[in-house]
Protein chains: 2
Amino acid sequence: MDADKRMRLEAAGWAVGDASNFLGLTEAEAELVELKTRLALFAKEQRKMSNMSQDALAKKMGSSQSRVAKIESGDPSVSLDLIVRALLTSGVTRQELAQVIVDSN
Amino acid sequence: MDADKRMRLEAAGWAVGDASNFLGLTEAEAELVELKTRLALFAKEQRKMSNMSQDALAKKMGSSQSRVAKIESGDPSVSLDLIVRALLTSGVTRQELAQVIVDSN
DNA sequence: CGTAGTTATGTCAAATATGACATAATATTA
DNA sequence: TAATATTATGTCATATTTGACATAACTACG
């Protein structure tokens, strides 16, 4: 919808800091953007931690190198589902996932 | 199934003991499905907790009553993004979200 | 230097998710 | 009971997300 497009713009270019009011983002929408951004960074960390190339992870999770790159760069075309799949495939536990969510922001 | 076969299967990356492999799901995919299911139930709980009808929540998050129903029933057409948006819109904190993730399964 | 390995970026057809709508089913309340 | 509110289910056109591909941009090492 409209809000999603706005979320996209913000995640793509506009400082992810806190432009909540800027384009009329809901509190929840802004929080989700921040959460996804944080998880994206964590995904990159954890893949490296497990000594996999983007291509290796991609194959393991049935995706492609370019999409893994997009996951890790916080590309707005990437769903939360895909980010979490990447994390779980990298061996991240629910506990670690939860920790990142608590620390987010 | 004997221990040897189990060991061989598990070494090859298969979880033995649930329906994951039967459905052709990787471990990560199965874990994601379980996570989403748990979050869906939690979403229903929390909406009720905040005394909103599905229609009220739908309006607040820019969705529709029928989609909120699908969120809460664990409909496979619902993304994790949408589930989390529903949760955050219902006033769930990151801490509570994390707690559910840890407890999942 | 070159070259092999890895990561980033753009594009696109196909797959999937979405809100909206109708309407059925089930609660709730007068 | 009936009337009303709420929730469930199915469908569909549209929007978004996807893997795949090409290729550019690094990185590391001989």
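The chains referred to below are lettered A, B, ... by the order of the sequence lines, with proteins before strands, and numbering in each begins at 1. Values in this document were obtained by computation on a predicted structure and should not be read as measured data. Both backbone and side-chain heavy atoms feed into the values below; hydrogens, waters and symmetry mates do not.
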A.B. asks: Minimum heavy-atom separation for B:T89 to A:A28, with atom names?
C.D. replies: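 For B:T89 versus A:A28, the nearest heavy atoms are OG1-CB, 3.5 Å.
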A.B. asks: Under 4.0 Å from OP1 or OP2 of C:dA8: is there any side-chain N or O of A:R67 that close?
C.D. replies: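 The answer is no; no side-chain N or O of A:R67 sits under 4.0 Å from OP1 or OP2.
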A.B. asks: Using a strict cut-off of less than 4.0 Å between a Lys/Arg side-chain nitrogen and an Asp/Glu carboxylate oxygen, indicate whether A:R94 and B:D103 qualify as a salt bridge.
C.D. replies: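 Between B:D103 and A:R94 there is no salt bridge, as every charged N stays at least 4.0 Å from the carboxylate O atoms.
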A.B. asks: How long is the line joining CG of B:D75 and P of C:dA17, in whole Å?
C.D. replies: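 Rounding to the nearest Å, CG of B:D75 and P of C:dA17 are 9 Å apart.
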A.B. asks: Using whole Å, report how far CD of B:E45 lies from C1' of D:dT7.
C.D. replies: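 These atoms are roughly 17 Å apart.
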A.B. asks: Could you give the CD-to-P distance, from B:E72 to D:dT9, as a whole number of Å?
C.D. replies: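 It works out to 12 Å between those atoms.
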A.B. asks: So if I take every side-chain heavy atom of B:R47 and compare against C:dT18, D:dT7, C:dA8, which nucleotide ends up nearest?
C.D. replies: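 My answer, after comparing the listed nucleotides, is D:dT7.
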A.B. asks: Using a heavy-atom distance cut-off of less than 4.0 Å, which residues of residues 79-92 of chain A contact DNA chain C?
C.D. replies: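 When residues 79-92 of chain A is checked for heavy atoms under 4.0 Å from DNA chain C, there are no hits whatsoever.
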A.B. asks: Check whether B:D81 reaches the backbone of A:L80 with its side chain - one donor and one acceptor, N or O, closer than 3.5 Å.
C.D. replies: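 Yes, because the side chain of B:D81 sits within donor-acceptor range (under 3.5 Å) of the backbone of A:L80.
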A.B. asks: I want to confirm an ordering. Mapping B:K36 and B:S66 to their closest nucleotides on DNA chain C, which one lands closer to the 5' end?
C.D. replies: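 Its nearest nucleotide being more 5', the pick is B:K36.
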A.B. asks: Judged by each residue's nearest nucleotide on DNA chain C, which is more toward the 5′ side, A:V68 or B:M61?
C.D. replies: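 Whichever sits nearer the 5' end wins; that is A:V68.
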A.B. asks: Below 4.5 Å, heavy atoms only, C-beta onward: do A:I83 and A:F42 meet side chain to side chain?
C.D. replies: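 No - every pair of side-chain heavy atoms lies 4.5 Å or more apart.
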A.B. asks: With sequence neighbours left out, which residue pairs that include part of residues 41-52 of chain B fulfil the side-chain hydrogen bond (donor to acceptor under 3.5 Å, both in side chains) condition?
C.D. replies: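 Only B:R47-B:E72 qualify under side-chain hydrogen bond (donor to acceptor under 3.5 Å, both in side chains).
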A.B. asks: Would a 4.5 Å heavy-atom cut-off, applied to side chains only, mark A:M49 and A:S90 as touching?
C.D. replies: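 SC-SC contact between A:M49 and A:S90 ruled out.
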A.B. asks: Roughly what angle, to 10°, lies between the helix axis at the start of the helix from C:dC1-D:dG30 to C:dA30-D:dT1 and the one at its end, five pairs per end?
C.D. replies: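 One end's axis against the other's: 50°.
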A.B. asks: Donor-acceptor check, side chain of A:T26 to backbone of A:E29, threshold 3.5 angstrom: yes or no?
C.D. replies: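 No: the side chain of A:T26 does not pair with the backbone of A:E29.
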A.B. asks: So do the side chains of A:L88 and A:V84 get within less than 4.5 Å of each other, counting heavy atoms only?
C.D. replies: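 In contact.
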A.B. asks: What is the minimum heavy-atom distance between B:L87 and B:A43, and which atoms define it?
C.D. replies: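 Looks like CD2-CA, 3.4 Å.
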A.B. asks: Rounded to the nearest 0.5 Å, what's the gap from OG on B:S63 to NZ on B:K70? Could you check?
C.D. replies: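 The distance works out to 10.0 Å.
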A.B. asks: Below 3.5 Å between N/O atoms, which protein atoms pair up with nucleotides 23-29 of chain D? Just atom names and distances, please.
C.D. replies:
none

A.B. asks: Among the candidates D:dC21, C:dA8, C:dT18, find the nucleotide nearest to the side-chain atoms of B:V78.
C.D. replies: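 Within the option list, the nearest is C:dT18.
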A.B. asks: Could you check whether B:S77 gets within reach of a base, just the sugar-phosphate, or nothing at all, counting any heavy atom under 4.0 Å?
C.D. replies: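 Base contact - B:S77 has a heavy atom under 4.0 Å of at least one base atom.
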A.B. asks: Please answer whether the main-chain N or O of B:E31 pairs with a side-chain N or O of B:E34 as donor and acceptor at a distance below 3.5 Å.
C.D. replies: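 No; judged by distance alone, with no hydrogens or angles, the pair does not exist.
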A.B. asks: Side chains of residues 55-62 of chain A: which donor-acceptor pairs under 3.5 Å do they make with residues two or more places apart or in other chains?
C.D. replies:
from  : atom 1 : to    : atom 2 : distance (Å)
A:D55 : OD2    : A:K59 : NZ     : 2.7

A.B. asks: Using a cut-off of strictly less than 4.0 Å, decide whether A:K70 has a side-chain nitrogen or oxygen near OP1 or OP2 of C:dT11.
C.D. replies: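 Looking at the OP1 and OP2 atoms of C:dT11, neither is under 4.0 Å from any side-chain N or O of A:K70.
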A.B. asks: So which atom in A:A86 and which in A:I71 form the shortest heavy-atom distance, rounded to 0.1 Å?
C.D. replies: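 The answer is CB-CD1, 4.1 Å.
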A.B. asks: Just to confirm, is there a sub-4.0 Å distance from OP1 or OP2 of D:dA8 to any side-chain nitrogen or oxygen of B:S73?
C.D. replies: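 No, no such contact exists.
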A.B. asks: Taking atom types as modelled, find out whether B:D75 and B:S77 have a side-chain donor-acceptor pair closer than 3.5 angstrom.
C.D. replies: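 Looking only at side-chain atoms, B:S77 and B:D75 do form a donor-acceptor pair, the distance falling under 3.5 Å.
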A.B. asks: Can you pull out the residues from residues 48-60 of chain A that lie within a 4.0 Å heavy-atom distance of DNA chain D?
C.D. replies: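 Those residues whose heavy atoms fall under 4.0 Å from DNA chain D, taken from residues 48-60 of chain A, amount to none.
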